[in-house]
Amino acid sequence: MDDAAGDESPPNDEVELISDGESLLVVGHDRRSTEGFFRSLGLLEWARTFGAEQLTPLLRSSAGFVKTLSEAAAESALWLKITPDSADAIAEFGLTDTKVPGVSYAMAGQRGDIKSWIKVDSSTKAQLQNPALLSGLAGAMGQLAREQEAAQLRALLETIDHKLDQVLRGQRDEIIGDLSGIERELHAASRTREIEGRIDEVTWSKIDNASREIRQVQAKAVLKLTGIAEDLEAQTRVGELRARLNSVREEVRLWLSVIARCTTALHEHAILELEYVAATFPDQLDVRRVTLDTLRVEDREEVHSALSMLVDRLSAASDRANGHKVLHFRAVPEVFARVGEAREVARRVGEALGIEVQWVAADEIRWSAAARQPRQWRNGVTDGAAIGWEKSKPIVAPIAIGAATTLVVAAFKGSTGSSGSTET
């Protein structure tokens, strides 16, 4: 009995860490070890099972290792998409580069009563340091990342497309053109892979050039977003800005939905491409994986640039409206509402794409605070004069009288009817 009790010492756990820069795979002797590792970092709720079904297609070139690794992975492997927060937690384990391009590795363990995990040197016990295995694992990790992102985008598309009116759906369908046909071919190729277990040359020939056509559609949608941003910048008067913003949210929703569809299709194409290369040119798998990852980053940067420009112009529109609160006390809240709606659509799509767009939040100014700012009265006089010029004959005196009357009315109404907004 005493001997049995003595055997219940804290387990000597060890896990292996593999990263492709965007995600982390952790494999151990059992599921308890990998869960314990992620739990110690506060990341367990975001970890996802990485089973044999992810491994086998890309590990055919290293068949001698597949069975052992698949069994270990099926029991223990967990996968995590790296975020800025999780990257800080992982950095302490000092993953080092391997012979496989873009892949880093480390081993971590617990020793005796030490509760936290530390980096250890136990290379003799490592399962995953064989280059062929690391290559296949890196490809499988890239596939899983794309599958996860594609699933998020499909869920988001359902909500976006549902809200598009008939006119906007027509514009979308016109711009995407042959993308629907490409999506059908990709679906057919995926079904072929599921049924036959591989991608052969005949199947691949049907989708070989699909990525070029998808990117052409995506480029058009990015240009549309850029055009919206430039158009917003050109609206210098609050009335014009309010009118333009009435349609901006719907246009942003439309073109971001097109980008989301393109990104989803590119992910599906890349997943099939990696499996095709692994089956037909296994020695080229690493090069192709790195190439596809590079293209993915470039696509993301292109969309990030357009989204950042759009959000900057939306923020500028809010600031511009705030500077004209005295005269346009009714229009300014509408501008802020439309800006907030468009920005929320951009945020949701950017989040699904793994893009973090920064912006400075602006609060709508109270009328009472605006009335104490000299620039508000200068802007009010200018706006009032412009309104008077457009609505009456071009005579200086009536313009001045109209502007002054407008400001007096605004002062009376604004002091009694604009108390719901926050002061800056």
Side-chain angles (χ1 to χ4, degrees), residues 16-27 50-74 77 79 82 95-107 123 126-147 149-150 185-186 189-190 192-212 214-215 265-299:
E16 294 177 74
L17 318 178
I18 305 96
S19 176
D20 61 356
E22 289 207 356
S23 57
L24 176 74
L25 179 67
V26 179
V27 178
F50 188 93
E53 67 275 10
Q54 273 88 33
L55 292 170
T56 304
L58 292 172
L59 288 173
R60 291 191 180 96
S61 60
S62 52
F65 302 92
V66 171
K67 186 175 185 297
T68 300
L69 181 61
S70 295
E71 288 174 353
W79 173 89
I82 296 175
L95 277 75
T96 56
D97 292 339
T98 67
K99 295 179 180 179
V100 179
V103 178
S104 55
Y105 175 91
M107 216 169 190
S123 56
Q127 300 180 78
L128 311 181
Q129 288 199 27
N130 176 274
L133 275 177
L134 288 176
S135 177
L137 284 169
M141 290 164 69
Q143 282 190 328
L144 191 55
R146 288 179 172 89
E147 287 173 0
E149 193 169 296
E185 290 289 351
L186 290 172
S190 296
T192 300
R193 179 192 61 174
E194 291 173 9
I195 295 169
E196 299 181 4
R198 66 191 184 98
I199 299 291
D200 60 18
E201 292 186 9
V202 174
T203 302
W204 178 249
S205 67
K206 297 176 183 179
I207 60 172
D208 191 3
N209 296 318
S211 60
R212 176 176 56 82
I214 297 168
R215 285 191 171 87
L266 286 171
H267 285 343
E268 291 171 347
H269 187 269
I271 290 168
L272 295 169
E273 185 169 350
L274 283 172
E275 289 202 12
Y276 175 72
V277 172
T280 55
F281 308 101
D283 58 326
Q284 295 295 312
L285 180 58
D286 285 326
V287 175
R288 185 59 56 88
R289 173 180 53 81
V290 171
T291 299
L292 290 175
D293 287 346
T294 301
L295 292 173
R296 183 183 177 201
V297 170
E298 291 177 355
D299 290 337

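- No side-chain donor-acceptor contact under 3.5 Å links Ser104 to the backbone of Leu95.
- With contacts defined as side-chain heavy-atom distances shorter than 4.5 Å, the pair Ile82/Ser19 qualifies.
- With contacts defined as side-chain heavy-atom distances shorter than 4.5 Å, the pair Phe50/Leu137 qualifies.
- Within the structure, salt bridge (Lys or Arg N to Asp or Glu O under 4.0 Å) pairs that include any residue of residues 277-288 comprise Glu273-Arg288, Asp286-Arg289 (at least two apart or interchain).
- Under the salt bridge (charged side-chain N to carboxylate O under 4.0 Å, His left out) criterion, Glu298 pairs with no residue at all, not counting sequence neighbours.
- The distance from atom CG of Asp293 to atom CG of Asp20, rounded to the nearest 0.5 Å, is 6.5 Å.
- Here the straight-line distance linking atom CD of Glu275 with atom CG of Leu285 works out to 10.5 Å at 0.5 Å rounding.
- Counting heavy atoms from C-beta on, the side chains of Met141 and Glu22 never come closer than 4.5 Å.
- With rounding to the nearest 0.5 angstrom, the CG atom of Leu17 is 9.0 Å from the CG atom of Leu25.
- Side-chain N/O atoms of Thr203 and Asp200 include a donor and acceptor closer than 3.5 Å.
- Under the rule for a salt bridge (charged side-chain N to carboxylate O under 4.0 Å, His left out), the partners of Glu268 that lie at least two apart in sequence or sit in another chain are Arg154.
- Of all non-hydrogen atoms in His267 and Ala150, the two that sit nearest each other are CD2-N, 4.1 Å.
- Aromatic ring pairs are classed by plane angle as parallel below 30°, tilted from 30° to 60° and perpendicular above 60°; the pair His269 and Trp204 is tilted.
- Inter-residue side-chain proximity for Arg146 and Leu292 is flagged as met; some heavy-atom pair is nearer than 4.5 Å.
- At distances below 3.5 Å, at least one donor-acceptor pair connects side-chain atoms of Gln143 with backbone N or O atoms of Ile271.
- Here the shortest heavy-atom pairing between Ala265 and Leu186 reads O-CD1, 3.5 Å.
- Looking at heavy atoms from C-beta onward, Leu272 lies in side-chain contact with Ser190 at the 4.5 angstrom threshold.
- Distance check, rounded to the nearest 0.5 Å: OH of Tyr105 to CG of Leu134 gives 8.0 Å.
- For Glu201, the CD atom counts as loosely surrounded, since its 6.0 Å shell holds 12 or fewer non-hydrogen atoms of other residues, nucleotides or ligands.
- Residues Ala189 and Ile207 approach most closely at CB-CD1, 4.0 Å, considering heavy atoms.
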